[in-house]
Structure formats: C-alpha cells, structure tokens
Amino acid sequence: MSLRVAEDDSRIQIHLPADNIHWEMLDKSKFFFLGAGLFSGVSAMLYPVVVLKTRQQVLLKDTPCFKMASSILRHEGFRGLYRGFGTSLMGTIPARALYMGALEMTKSNLSCTAVKLGLSEVKAAAIANTAAGLSAAMVAQLVWTPVDVVSQRLMIQGGKGANMRSLSLSSVMYNGGFDAFSKIIQKDGVRGLYKGFGISVLTYAPSNAVWWGSYSMTHRWIWGGVLSHTGVGGGLKSDSAAVVAVQGLSATIASGFSALVTMPLDTIKTRVQVLDGEGGNRRAFVTQSVRDLVKEGGLSGCYRGLGPRWVSMSISATTMITTYESLKRMCTN
C-alpha cells in the first residue's frame, strides 16, 4: 500500500468524524475515567492469552498453547490463568492514562503542524500517527516496565508444578504483587523493577509506531475501496456498522504486521525481566538470551509465543480501536 494510493483515495474526501476529534475538543476527566473502565475490561478478557504467551517464552521446549492451557487448568485451576492480574490492572490504569494523553496531544499538534507546512492530509495523518505511537509508548514504559516485571514473575509461578520445564526459575515465591514488589526492591533496588527497560522501549516504541502508522494508512485505503465500490460512505455515521468494521479490520492487519516484526524483541524482553536476578547465578543479559533461544530452537526460538501474541494483539487492537474511537466521540465537548 503506497502513499500514492492513499492520496488518490483522499481526493474523494475520505473523512471520518473521529479523525477530526483533537485533544482540545475532549472532556479530559470523562475521557480518562471511561477509558480506564473500558480498557480494563478488555485487559481482563485477554489476560489468559498473555499468561500463555509469557510461559511459552520461558520454556526450554516449545509447548502448544492448548496443551499448556490444559496443564495450567489441571494443576493450578482457573486462577492460574489470571496470575498477576491484580498487579497488571493496577498498573495499567495510570499507564493507559499516560499513553492516551501522550498519543492524543502528539497526534493533534503534529497533524496540524504538518498540514500548515504544506503536507497533504494523508501524509500528515500518517506522520502524526507514527510519531504519536512512538512517543506514547516511550512515556507509558515508565509505568509499564515495573508492572511487566512484577506481573510476569507472578505469571510463571506454578509453571514447575505444571510439569513445565523452565529456565533457571528460582525457589523464590511471591505472595501477590505487593510481596513481589517488596522482594524485588529489597534484592535489587529500584533498578530491579526496571530490568529490561531499554529493550522494552526498543520493543514497544517501534511496535506502536508501526501499528499506528500502518493503521492510519490501512484505514484510509480500505475505506477508500469501500467508498469507490459502493458509492456510499460519505453519508455514513461514524458509529455505523460499516465504519466500525473498517476500523476493526484495519486494526487486525496492523497488529499482525507489528507482532511479526517485533516478536523476537518481545521474547528476549520477557526472558530478561523474568529470569534475570531471580536467584540464579547466571545473569540473563540480552546477548545471552539470544544465544539461549537460538540454541534451544534455532531462529524459530525467537518466535516462541508468536501465536498467543498475535491473537492477543489482534483481538486487543480490534477491540481497543473501536472502543477508543467510540470513547473519543462520547467525550467530545
């Protein structure tokens, strides 16, 4: 999909009302309050998939998702699929607020500036969305990294009891998020909560930049095709089924591409955050993690957990973007 195609589509006036809702037009308190509730619900629905992905990434031997899910349910019960969820939820709310704030402010300011500089609306939107995704991810990592470190360590607890042979998991057991937070601080200080921060930024910042940029372009491209083939669209309301369907399909395509590109970094990040400093003598540096993964499964080892991550990102993004666009409309002053 090229900019030329998107620009051709833009000449037939492809405008969705949600695209024109800028930061200054939003009721901020309503935006953050409703957003916290809506996105928390989505996170709860998808959390078991994240647990499966995380456990797959720390296993010595690749294990199918259904077999792992069955083992967790058999040995740990349904609660095993929600290990660390309370911690994740508590951290997600402020992290999501930072993310949405940085995203909307960057998009609004950059898109207006780009248009004033003479760029077409399509190019301005693509640049603004890419930069907004990049900045939002970087800001949110200040909260998300400690949450990741704690919640992921809670996720893998019980793995040994479920006959899952994992890498250098220590005998340290955490009695919930606060206990894990306290023990990590006591052992490694604040730096312990930010293990993998650099690689987290390297994972999520490009992932978000790729996602928002490709979503913006895909959204316009698909909508342009719908408009040119049906002759309708300009009169459709922003909350119509067609608009929501286009948003969902665009989000799914963008998620698949983003997951595929950034999966190796996500696997390495998880190992560094979970295995490093958990009582073992060997420090799981990034280079050592790469060597271990390649040794265990070749290059495919770096893509361990791709299935659950792809499903999680696709469902999450599709649900999030349709909810997000609806949220913006609901919170417009």
Side-chain angles (χ1 to χ4, degrees), residues 18 21-44 46-47 50 84-111 127-152 177-178 181 184 190-213 215-216 251 254-255 258 262 265-266 269-270 273 312-313 316-317 319-328 330-333:
I21 299 175
H22 299 297
W23 176 249
E24 60 274 7
M25 299 167 62
L26 296 174
D27 180 334
K28 309 302 187 298
S29 58
K30 188 177 180 182
F31 181 68
F32 288 123
F33 180 76
L34 290 178
L38 290 171
F39 293 131
S40 294
V42 175
S43 297
L46 296 173
Y47 194 79
V50 179
F85 177 67
T87 300
S88 178
L89 183 61
M90 288 178 62
T92 295
I93 293 175
R96 185 66 64 180
L98 282 172
Y99 183 91
M100 291 191 299
L103 182 75
E104 284 304 315
M105 284 189 286
T106 306
K107 281 173 62 178
S108 295
N109 292 329
L110 269 186
S111 59
I127 292 172
N129 275 278
T130 301
L134 185 68
S135 64
M138 292 179 69
V139 170
Q141 281 308 309
L142 294 172
V143 176
W144 257 325
T145 297
V147 172
D148 260 352
V149 170
V150 174
S151 63
Q152 286 178 152
F178 288 110
F181 181 86
I184 292 171
V190 176
R191 291 180 60 183
L193 295 173
Y194 281 90
K195 282 173 181 170
F197 177 75
I199 198 168
S200 292
V201 172
L202 288 176
T203 301
Y204 292 121
S207 177
N208 274 266
V210 169
W211 193 94
W212 280 103
Y215 169 77
S216 175
S255 297
S258 180
T262 61
L265 286 172
D266 185 73
K269 173 194 72 69
T270 298
Q273 290 179 327
S312 175
M313 283 186 67
S316 176
T319 307
M320 291 285 189
I321 198 63
T322 52
T323 302
Y324 183 71
E325 298 290 7
S326 300
L327 177 65
K328 288 171 67 177
M330 287 189 293
C331 299
T332 304
N333 286 320

field: Cationic tip of Arg191 above Tyr194 ring, under 6.0 Å, 45° of axis
entry: no

- prompt: Nearest 0.5 Å, what's the OG-CZ distance between Ser43 and Arg96?
  reply: 6.0 Å

message: Lys195 vs Lys269, test: side-chain contact (heavy atoms from CB on, under 4.5 Å). Steps then yes/no.
response: CA-CA 9 Å; Lys195 282 173 181 170; Lys269 173 194 72 69; over 6 Å; no

field: Distance, nearest 0.5 Å, that separates OG1 of Thr130 from NZ of Lys107
entry: 11.0 Å

task: Taking the side chain as every heavy atom from C-beta outward, state whether Tyr204 and Asp266 have any pair of such atoms under 4.5 Å apart.
output: yes

query: Could you give the distance from CE (Met105) to CE (Met100), rounded to the nearest 0.5 Å?
result: 11.5 Å

Give every donor-acceptor pair under 3.5 Å between a side-chain atom in residues 135-149 and any protein atom, sequence neighbours left out.
residue, atom, partner, partner atom, Å
Ser135, OG, Thr106, OG1, 3.1
Ser135, OG, Ala131, O, 3.2
Ser135, OG, Ala132, O, 3.1
Gln141, OE1, Thr145, OG1, 2.9
Thr145, OG1, Gln141, O, 3.0

task: Check Ser258 against Met313 and note the closest heavy-atom contact, atom names and distance.
output: OG-CE, 3.8 Å

message: Rounded at 0.5 Å granularity, tell me how far CG in Leu134 sits from CH2 in Trp212.
response: 13.5 Å

message: If I take atom CG from residue Asn208 and atom CG from residue Asn129, how far apart are they, to the nearest 0.5 angstrom?
response: 11.5 Å

- line: Nearest heavy-atom approach of Ala254 to Tyr215 is CB-N, 3.9 Å

query: So Tyr99 and Glu104, side-chain contact (heavy atoms from CB on, under 4.5 Å) or not? Walk me through it.
result: CA-CA 9 Å; Tyr99 183 91; Glu104 284 304 315; over 6 Å; no

- request: State the OH-OG1 distance between Tyr47 and Thr92, to the nearest 0.5 angstrom.
  value: 9.0 Å

